[in-house]
Amino acid sequence: MGKHLATRMLMSVPVLLGVLLLGFLLLQLVPGDVARVIAGPTATQEVVEQIRGDLGLDRPLVVQFGLYLFRVLQGDLGYSMINNTPVVSELAEALWPTAELVIACLIWAVPVGIALGTIAAMNRGRWIDRAVIAISVIGVSTPVFFFALILMIWLGYHWQLFPFLGRAGPIWTLEGLYGIVLPALTLGLSFIGPVARMTRTSALEVMSADHVRTARAKGLKERTVVVRHVLRNALIPVITLIGLQAGFLLGGAVVTETIFSWPGVGRMAVGAILARDLPLAQGAILVLALCFIVINLIVDLTYAALDPRVKAS
Amino acid sequence: MSDIVATPAAIPVRKPRPGMLRRLVRDRLALAAGVILLAIMIAALLAPWIAPHDPYLTTRRRMLPPVWEARGTWTYLLGTDSLGRCMLSRLLYGTRATLMVGIVATAIGGAIGMAIGFIAAFYRRFDGVLMRINDVLLSIPAILLGLALAAVIGSGLNAIIAALVVATIPTVARVTRGAALVVMAQDFMEAGRSIGLPDFTLMWRYLALNCISSVFVYLTLRFAQSILLGAVLSFLGLGAQPPAAELGMMASSGRNELFIAPHIATLPSLMIVIIVLCANILGDALRDLLDPRLRKL
C-alpha cells in the first residue's frame, strides 16, 4: 500500500515540474523590467540594480527557475498585476468555491450515473438499456455550456426557481445551497454520461463472472446478487474512471464557473488569461494542476482500499 | 494502464472485409449519423456559395427570431444576432471554422501520435522511454493545456489548435502502440524481416497498413473530442476572436441576449451537439465493426 502510494506520487512529479516550468515561463513573458517597476520611476539606477540582484534577475534562467521553485515552495506566487494583491491570497479565496462546486456535482451525479448504468446492465438489450445508452452518448456529446444555457433559460429565467449569477454564500447557508443548484446541475449533467456508460460496461462484465452465477445458483434474490456481488466489483473501474475524468471535470468546472460567475479558481484562471494578468494566471493554472493531481491520488488510494488485488501488487 | 490493449497473439489481425460498408449501412443509426455529418461538412465547405447573406454584414434588424417563431421572417431563416447579422450564414461559416479546428488538430496530432506509436512498437528499445513520456503527457488535462497555451501564445485559434494537438498525441500514440504490438507478434512480420526487408518497408507496408484501420476509428472519436474541447475553449474567449464566426464563440457572445433572443446562443450550441453526436455515433459503430477490443478505451 505504502509502496503503491509512493509510486503514484513519484509519477506526478514530472507533471508538477512541467507545470511549474510553464508557470515560470509565463512569468518571463511579463512585459517591462520587473526591477524597474518595483523600484518605481524615481529610483536611482543603483537601487534598481540592487533589487535586480535581490530577486536574482541578473542570474542565468536555470538559476532563476531554481529561485522560482524555492519561492513557490514557500507559498510565494508573486503579485497580481491588476489588483497588486498577493496571488496566493486571491487563490486561497477562490479555492473553496471550486471545491464546493465539484463536491456538489459529484454528490448527485455519481450516484445517478451508477444507478442508470446498473439499471441498463440489468435490462440489457431492452428499451430501458437503449435509453440509458442514448442519454449517455448525448451527454458526452454536449458541451457543458449548452447545459448551462438551457438551465439558465428555463430553471433560472422562465420558472425563476434558482438564482444563476454569482455565489451568495457558503454551501451550508440556505442561500449558498440554493445558489449552487444550477452550477452543480450543469457540471453533473456532463458527468452522468461517462459514469453511466462505464458502470454499464463494467457491470455487464461482472455479471458474466463465475461468482455471480454461483450466487444465482444458490438462490439469492436478484437484488442481493446485484448489490452485493455485481456492484461491489463493478464499481472499481468506475472509481478509476472518476480519476481519469478528473481533467474533464476540471474543464467543466472552469466553464461552469465562468458562465455562472462563480468565484472559483477556474473563472480566475480564464479572467487572468484574458486580462493578461500573467502572475495570477500562472498561480491559477498551478492550483488547477495541483487539484488534478490530488484528485487522482485520492482516487488511487480509494481504488487500492477497495480492491485487495491492487494492495497485493 | 497502458497495457490494456497489449495482449498479443490471442486476437487475430482483422482487416476491413469487403462486407464492411454493407454492414455499416445495415446499422441505420450509424448510417444516419454519417449522412448528417457528411451533409454538414459539405454545407460548411460550400459556405461562401450557399450562405444567404454576408456573415459579417451588420444590419438594423437586430435579434430577429428564427422563421418558426411569431416575429420571424423568411429573409433571415434562423434570425439575426445582436448586431443584425444573419444567423444562418454565421452558422455556416462558424461550422466551417469549428470543423477546421477539429480536423487540423486531429490530423496533426494523429500523425505525430501514430508515428510515436509505431516507433515504440517496432523499436522496443525506445518503448520504455517513449511510453513514460507519453504517460506524463497523458496525465495533463487538455483544458489546462488550452489555458496555458492561450496564456503563452495569446488567445486565438492557433493556441486552441496547438492545445488540441498536444492533447491528441499521447492518446493516439497509446492506441497505435497497442494495435501495432498485436501486429508485431504476427508471423508475417518475422517472415518479412527474414527476407531482409528494410525497416521502413516493414513498418509501412507490413505494420502500419495492418493497424491503420483501428487507429482511424479511434481518430473519429478523437475528432469528436477535439471539436467539443475546441468549442469550449472558444466559448471561454481563448479561441476565435470577434467578429470571426466560430460556433463556441458565437454561443458565448449570445449570452448577453440569452433571455431576449435565446436562439443566438442556443443554435450554435445545438450545431456543436449535432456534429459531436454524429461523430461519436459513427465512431462507436465503426469501432464495434472493426475492432471491438478498443471498446474500453
Side-chain angles (χ1 to χ4, degrees), chain A residues 11-15 17-19 22-23 25-26 29 133-134 137-138 140-150 152-153 156-158 198 201 237 240 244-255 258-259 266-267 269-274 276 278 281-282 284-285 288-289 292-293 296, chain B residues 1 29 132-133 135-155 159 167 221 224-225 227-238 247-248 251-252 254-255 258-260 262 265-266 268-270 272-281 284 295-296:
Chain A
M11 282 280 288
S12 53
V13 169
V15 180
L17 271 180
V19 177
L22 206 117
L25 291 177
L26 265 182
L29 291 173
I133 295 176
V137 174
I138 293 172
V140 296
S141 305
T142 307
V144 189
F145 57 79
F146 194 35
F147 289 130
L149 297 178
I150 299 287
M152 274 170 113
I153 293 176
Y157 181 73
H158 281 301
M198 190 72 207
T201 318
T240 327
L244 285 174
Q245 295 282 337
F248 177 81
L249 196 64
L250 221 56
V254 172
V255 179
T258 308
I259 298 181
R267 192 179 77 126
V270 174
I273 291 169
L274 291 178
R276 301 298 292 162
L278 296 171
Q282 161 247 183
I285 291 176
L288 285 177
F292 176 73
I293 291 170
N296 264 299
Chain B
M1 197 163 73
L29 187 65
R132 285 297 81 72
I133 298 174
D135 280 346
V136 171
L137 270 181
L138 206 56
S139 62
I140 303 176
I143 187 87
L144 271 187
L145 278 173
L147 290 176
L149 280 168
V152 176
I153 314 177
S155 308
L221 293 168
Q225 288 285 310
I227 297 262
L228 204 55
L229 192 67
V232 162
L233 288 171
S234 271
F235 184 90
L236 292 175
L238 306 174
L247 295 178
S252 173
R255 269 187 297 164
L258 192 60
F259 307 124
I260 331 169
T266 48
S269 312
L270 210 57
I272 298 170
V273 178
I274 296 173
I275 296 173
V276 178
L277 189 62
C278 287
N280 270 334
I281 292 175
D284 278 351
R295 189 170 288 219
K296 279 198 182 162

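We use all heavy atoms of the structure for the numbers below, so side chains are in, but hydrogens, waters and symmetry mates are not. So that the names make sense, note that chain A is the first sequence line, chain B the second, and so on, each numbered from 1.
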* Under the side chain to side chain contact (heavy atoms under 4.5 Å, CB included) test, which residues partner B:Ser155, sequence neighbours left out? -> A:Leu274, B:Leu238, B:Gln241
* Asked: Any idea which of B:Ile272, B:Ile274, B:Leu270, B:Leu258 has the most non-hydrogen atom pairs under 4.5 angstrom with chain A?
  -> B:Leu258
* **When B:Ile227, B:Leu229, B:Leu277 are compared by non-hydrogen pairs under 4.5 Å with chain A, the top option** => B:Leu277
* Structure fact -> CD1 of B:Ile260 to OH of A:Tyr157, rounded to nearest 0.5 Å, is 7.5 Å
* Atom pair CG (B:Leu144) and CD1 (A:Ile285), whose distance is rounded to the nearest 0.5 Å -> 7.0 Å
Under a 4.5 Å cut-off applied to non-hydrogen side-chain atoms, are [X] and [Y] in contact?
X: B:Val273; Y: A:Pro143; answer: yes
X: B:Thr266; Y: A:Phe146; answer: yes
X: A:Phe145; Y: B:Ser252; answer: no

On a heavy-atom basis, which atom in [X] and which in [Y] lie closest, and how many Å separate them?
X: A:Ala269; Y: B:Leu147; result: CB-CD1, 4.3 Å
X: A:Leu250; Y: B:Ile143; result: C-CG2, 4.4 Å
X: A:Gly247; Y: B:Pro141; result: CA-CB, 3.5 Å
X: B:Ala151; Y: A:Leu278; result: O-CD2, 4.0 Å
X: B:Ser269; Y: A:Leu149; result: OG-CD1, 3.8 Å
X: B:Arg255; Y: A:Thr258; result: NH1-O, 4.0 Å

* Asked: For chain B, which of A:Val255, A:Ile150, A:Ile293 has the most heavy-atom pairs under 4.5 Å?
  -> A:Val255
* Residue B:Leu236 versus chain A: region with a heavy atom under 4.5 Å -> both
* Given a strict heavy-atom distance threshold of 4.5 Å, which part of B:Ala265 is in contact with chain A: side chain, backbone, both, or neither? -> both
